[in-house]
Protein chains: 2
Amino acid sequence: MTAVNKIPDIVIGRLPVYLRALSQLVVEGKTVTSSHELGQQLGISSAQIRKDLSHFGEFGKQGTGYQITHLYAQLQQILQIDREWAVAVVGIGDLGRALARYGGFSDRGFRVVAAFDSDPAKIGTDLDGLTIQSSTLIAEVVRAKQIRIAMIAVPAMHAQSVSDELVRAGVRALLNYAPITLNVPSYVHVQYIDPVAHLQHMTYYLDMS
Amino acid sequence: MTAVNKIPDIVIGRLPVYLRALSQLVVEGKTVTSSHELGQQLGISSAQIRKDLSHFGEFGKQGTGYQITHLYAQLQQILQIDREWAVAVVGIGDLGRALARYGGFSDRGFRVVAAFDSDPAKIGTDLDGLTIQSSTLIAEVVRAKQIRIAMIAVPAMHAQSVSDELVRAGVRALLNYAPITLNVPSYVHVQYIDPVAHLQHMTYYLDMS
DNA sequence: GGATGTGAATCCGTTCACAGCT
DNA sequence: AGCTGTGAACGGATTCACATCC
C-alpha cells in the first residue's frame, strides 16, 4: 500500500520485534526468510506480519520471501534507527548503572551520552568512560548535546519532576522505569517498564501448589 | 457480571496498572476514588475501567465511587498477589544485580529468594543477604524452594537453555530480559522486557532536528 | 446529583482466502 | 509450486449512553 497515512501504533510496536527476529535469523546463517518462518519464530501469524509490513511498502518477492538484510535495513529506516540517537540516563542506582553500561544499545541505534544523579558521592564518578553529572545540570547538558531521549531510573517520588525538567530541556521520548504514570505534554512520548506489573500479570494465571 | 469465564488477557494486563494508580492515590491521602479520576490519572477512559472491573464483580457504589483500600485488596486477590511469591534471578550482571537488590518487589507480592550465575568469581558472593549460587544448582534450588517464577538476565546466547532448565525444574512464569523470543511449553507464561524495543518504538515518532 | 454497571453500537485489529507474481 | 500483498470477513475491544442505585 505504501501509504504514509496513519499507521496503528500497535503495528509500530511490533517492528522492533521483527528486527530482533531478523537478527536472530542472521546469526543462524540465513539470508532469506518468509512471513511464515518469522511468524513461527515469534508466535505470530504470517498474515499479520505481511499485513504489518504492507503498511510501509512491498519488501518481499512472491514465491521467494524476504531478503533478510534488505528487510532489516528497511525497518531500520522506518523506525529512524538508521542513525545513532543520543540518550540520557537519570538516576544512577543499580538500575541506572545497568542501563548506562548496557552494551546492547550501540548496535541497535542508541548511545548513552549522559548520566545524572543527585547523590554528591556519585557525581564525578566514572562509569565506563562516562562521568556521572549532577542532576542540576540536566537542562544544560540536554540542550548542549541535543538529547531527545531519556531513561528515568529514579525513585517514584522524583520521577515526575525529573520528567518535567527533561521535557523542558527538549527531551521528546521517555523510557520510565519508575512505577508511576507520568504527566507529560502530548508531544512527548512515554514508554513504561515495570517488571512488577509483568510479574503480577502472570501470577493471575498461576495455580498455587 | 462476576463471571469467572474467559477474561481477556489484555484486561488482566491492566489490573497491575490500576493497582499502581491506587497506590499513588493513597499516597496523596485519598480514600475514595472514581473511574473518572482513575482514568484521568492513567490516560484511559472511565468506561474502560468500569468495564474491566465488571468482569470480576461489583466493587463500587453508585453515586460514590470506589473505596480505595477495598478495590486494592480485591485486585490483589484477583491477581493472586495477596501472598508472597518466591522468585529466582538468573544472570547476575549489572541488570541481574539490580533486580536482585530491587526494593520494589516486597510490597507488591514478590521476593527474590535465589540468584544464579555461572561466573566462578561471583558464585558465593553476597548480595544483600542473598548468596549467588552456581547455575548448575538451578534445578535443585528451584525444586527445593518451590520457585514458580524466574527472571532471566543472561546474555541472549544463553537465555533459551536457561529457560529450558528453569521450566524443567518447575518454573511456570518467566520474565525475560534477553532480547530473544523464548520457546516454551504452552503451560509456561512469558513476559518480555526489552528497553531497546521501547526506544525504537518511540523513535518512529520523533522528528529529527 | 453523581457515579456505577452494562447492553448496544462502534471502532479497530486480526485472520481468511485468493489473485498475482516469480 | 511457493509466497507475497490485500480486500473482505470476522472477532474482539472500546466507547456510548442510559437505567439504576446511593
Side-chain angles (χ1 to χ4, degrees), chain A residues 1-18 21-22 25 30-75 78 201 204, chain B residues 1-18 21-22 25 30-75 78 201 204:
Chain A
M1 217 228 221
T2 325
V4 195
N5 258 353
K6 215 36 193 295
I7 293 153
D9 181 67
I10 194 163
V11 172
I12 308 299
R14 277 193 294 265
L15 300 186
V17 178
Y18 297 161
L22 291 171
L25 290 172
K30 303 233 171 69
T31 67
V32 174
T33 188
S34 65
S35 59
H36 182 74
E37 184 178 42
L38 273 172
Q40 190 130 340
Q41 181 176 339
L42 294 171
I44 289 180
S45 80
S46 60
Q48 175 157 88
I49 291 173
R50 293 198 301 278
K51 177 73 89 179
D52 282 354
L53 297 179
S54 78
H55 286 98
F56 306 97
E58 312 194 352
F59 305 121
K61 267 207 180 61
Q62 282 149 332
T64 310
Y66 302 92
Q67 194 71 28
I68 292 180
T69 54
H70 178 243
L71 180 54
Y72 194 93
Q74 294 293 319
L75 291 178
I78 292 164
H201 186 160
Y204 175 82
Chain B
M1 218 231 219
T2 324
V4 194
N5 257 350
K6 216 32 193 302
I7 292 153
D9 181 66
I10 194 162
V11 172
I12 308 299
R14 277 193 295 263
L15 301 186
V17 178
Y18 297 161
L22 291 171
L25 291 173
K30 303 236 171 69
T31 68
V32 173
T33 187
S34 65
S35 59
H36 183 74
E37 184 177 42
L38 274 171
Q40 191 130 339
Q41 181 175 342
L42 294 171
I44 290 180
S45 80
S46 60
Q48 175 158 90
I49 291 172
R50 292 199 302 278
K51 178 72 93 183
D52 282 356
L53 297 179
S54 78
H55 286 98
F56 305 98
E58 312 194 350
F59 305 122
K61 266 204 181 62
Q62 283 150 333
T64 310
Y66 303 91
Q67 193 71 27
I68 293 180
T69 54
H70 178 243
L71 181 54
Y72 194 93
Q74 292 294 318
L75 291 178
I78 292 163
H201 185 159
Y204 175 82

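Naming convention: chains lettered A, B, ... in sequence-line order (proteins, then strands); numbering from 1 in each chain.
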Exercise. For the pair made of CZ in A:R14 and C1' in C:dC12, what is the distance, rounded to whole Å?
Worked result: 12 Å
For this session: To the nearest Å, give me how far apart CG (B:D52) and C1' (D:dT15) are.
Result: 12 Å
Problem set entry | B:T69 OG1 to B:K30 NZ distance, which is reported to the nearest 0.5 Å | 15.0 Å
For this session: Measure the CG-CG distance between B:L22 and B:L38 for me, rounded to the nearest 0.5 Å.
Result: 5.5 Å
Exercise. Rounded to the Å, how far apart are B:E37 CD and C:dT4 C1'?
Worked result: 15 Å
Seminar exercise, completed: Considering only heavy side-chain atoms of A:S54, the closest of C:dT14, D:dT6, D:dT4 is D:dT6
Exercise. Taking C-beta and beyond as the side chain, do B:K61 and B:V32 meet within less than 4.5 Å on heavy atoms?
Worked result: no
Problem set entry | Student check: side-chain heavy atoms of A:Y18 and A:L71 closer than 4.5 Å | no
For this session: Please state how far atom CD in B:E58 lies from atom C1' in C:dA3, giving the value in whole angstrom units.
Result: 13 Å
Exercise. For B:F56 and C:dT4, what is the distance between atoms CZ and P respectively, to the nearest whole Å?
Worked result: 17 Å
Problem set entry | B:F59 CZ - C:dT6 P separation (whole Å) | 11 Å
Exercise. Got a second to check how far A:S35's OG is from A:K51's NZ, nearest 0.5 Å?
Worked result: 13.0 Å
For this session: Would you indicate what B:S46 reaches in the nucleic acid, counting non-hydrogen atoms under 4.0 angstrom: base, sugar-phosphate, or nothing?
Result: nothing
Exercise. Quick one: is B:Y66 getting a side-chain N or O under 4.0 Å of the C:dG5 phosphate, OP1 or OP2?
Worked result: yes
Seminar exercise, completed: Rounded to whole Å, CG of B:L53 lies from C1' of C:dT6 at a distance of 13 Å
Exercise. Closer than 4.0 Å, any side-chain N/O of A:S35 to the OP1 or OP2 of D:dT4?
Worked result: yes
Exercise. Side chains of A:Q41 and A:T33: closer than 4.5 Å at any heavy-atom pair?
Worked result: no
For this session: Starting at atom CD1 of B:I10, determine the distance to atom P of D:dG11, rounded to an integer number of angstrom.
Result: 19 Å
For this session: Report the distance from atom CD of B:Q74 to atom CG of B:L53, rounding to the nearest 0.5 Å.
Result: 10.5 Å
For this session: Summarise how protein sits on nucleotides 15-22 of chain C as a single string, 5' to 3': B when a protein heavy atom is under 4.0 Å from the base, S for sugar-phosphate-only contact, - for no contact.
Result: B-B--BBS
